[in-house]
Amino acid sequence: MRMVSTLAEKPVAVFDSGVGGLTVLHELLVSLPTEDYVYLGDTARFPYGDRSLEELRGFSVEITDHLLESEVKLLVIACNAASSAALGTIEDHLIARGAEIDVIGVVSASTQLAVAGSRTGRIGLLATPATVASGAYERAVRAADPHVHLESVACPDLAPIIQSGSPFDDAVVATVRGYCAPLRGAQVDTVILGCTHYPLVAPLLQRTLGRGVQLMTSGTGVARGVERALAARGLLNPRTDEGDYRFRCTGDVESFRALGTRFLQMPLGEVTHVELPARLSV
Ligand code: DGL
């Protein structure tokens with residue numbers, strides 16, 4: 001076991017409601033393979049997509065407190081619902097706790113790529129009901145360019161379909177077609193995948209939306225943001241070999257391991273079950 005001695009050698013923390021955040025972790029592993037990571041999937045309370053803002057803020061603070069116990073050096077909220085509801089709350093919470101670490105969400109990364117990449121200025125958003133209801137993407141697009149039109153579609157069933165590991169039967173294809181229909185109608189040329197689970201079904205979405213539509217995900221932008229944030233504080237891990245990855249979840253460890261291994265295409269190793277404090281649990 002290697003001794004962790006300096007702040008730069010501490011892990012980067014990543015969390016989501018389930019396996020969706022693994023799409024962000026994947027990009028982090030590509031860009032920053034020498035970092036150590038601790039990933040938490042709050043699978044016991046999945047899905048986040050139909051939670052209220054208050055619930056999402058409570059869960060996010062609770063997870064942040066848990067991850068701070070592992071002395072992490074940066075926090076990635078790899079969940080759009082939690083980022084939309086709780087990014088500011090977590091920033092304030094970290095300041096209140098005197099924890100001088102950066103927190104990076106997923107909304108601005110994909111929005112900036114989409115606004116920069118759209119030729120027509122007509123962008124679509126597929127996201128969970130909580131993310132759409134928060135208005136976070138509307139605000140982010142308006143801030144990036146007030147003349148860009150955003151067409152938002154809430155997809156209540158899509159993340160649960162992916163998280164359940166369901167086979168792609170006709171019903172799933174019909175559900176996805178239904179979600180994409182308003183975006184085809186609105187003639188968008190760019191679609192933000194506003195849920196970190198959705199890149200896991202990118203081929204299905206691309207087929208349904210057609211060749212002329214480019215899909216935007218947050219992973220690469222987040223990885224760039226993490227790299228810059230760590231570099232700015234002199235916190236890039238100085239090691240030259242591959243980092244360690246640790247996985248935790250609040251629900252069933254075996255199903256998380258099986259699904260995560262399939263999606264990340266990498267053995268997750270031991271997945272630790274964690275109980276978060278009961279005061280905010282449901
Ligand atoms: N992966 C989460 C997100 O990006 C959502 C999935 C859920 O509903 O929990 O919003």
Side-chain angles (χ1 to χ4, degrees), residues 13-28 39-60 62-63 75-87 89-90 103-111 113-114 124-138 140 152-166 172 175-176 179 191-202 205 215-223 225 247-252 255-256 259-260 263-264 276 280-282:
V14 181
F15 81 85
D16 179 40
S17 57
V19 293
L22 296 177
T23 61
V24 176
L25 179 65
H26 163 73
E27 295 297 343
L28 288 164
Y39 182 98
L40 178 85
D42 191 9
T43 48
R45 297 185 295 201
F46 177 91
Y48 276 12
D50 54 14
R51 300 284 186 175
S52 69
L53 288 179
E54 279 314 303
E55 280 179 306
L56 291 168
R57 286 177 185 143
F59 295 171
S60 299
E62 196 177 302
I63 291 168
L75 179 62
V76 177
I77 312 175
C79 171
N80 288 263
S83 296
S84 300
L87 181 59
T89 304
I90 295 181
V103 53
I104 295 183
V106 286
V107 173
S108 68
S110 51
T111 303
L113 290 171
L125 169 70
L126 296 171
T128 65
T131 296
V132 172
S134 75
Y137 273 98
E138 298 279 351
S152 301
V153 178
C155 311
D157 295 327
L158 192 48
I161 287 170
I162 296 164
Q163 180 81 18
S164 72
S166 295
V172 169
T175 300
V176 169
Y179 293 146
V191 171
I192 297 171
L193 303 189
C195 170
T196 52
H197 281 69
Y198 299 172
L200 296 168
V201 295
L205 293 168
L215 303 182
M216 288 299 174
T217 59
S218 53
T220 50
V222 168
F247 296 90
R248 302 173 185 170
C249 73
T250 57
D252 180 59
S255 55
F256 183 87
L259 203 57
F263 286 143
L264 201 55
L276 295 171
L280 290 169
S281 295
V282 290

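Along the sequence shown, residues are numbered consecutively beginning with 1. Whatever order the structure lists ligands and atoms in, that order sets their numbers, starting from 1.
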Which residues share a side chain to side chain donor-acceptor pair (under 3.5 Å) with Gln163, sequence neighbours left out = His197
Residues with a heavy atom under 4.0 Å from ligand 1, by chain and number, are Asp16, Ser17, Phe46, Pro47, Tyr48, Gly49, Cys79, Asn80, Ala81, Thr128, Ala159, Cys195, Thr196, His197
Under 4.5 Å between any side-chain heavy atoms of Ile63 and Leu276, yes or no?
-> yes
Between the CD1 atom in Ile77 and the OG atom in Ser60, the distance rounded to the nearest 0.5 Å is 6.0 Å
Enumerate the residue pairs fulfilling side chain to side chain donor-acceptor pair (under 3.5 Å) with a member in residues 13-24, sequence neighbours excluded, ordered by first and then second residue.
-> none
Are Phe59 and Tyr48 close enough that their ring centres sit under 6.0 Å apart?
-> yes
Results of salt bridge (Lys or Arg N to Asp or Glu O under 4.0 Å) for Arg57 - residues two or more places apart only | Glu54
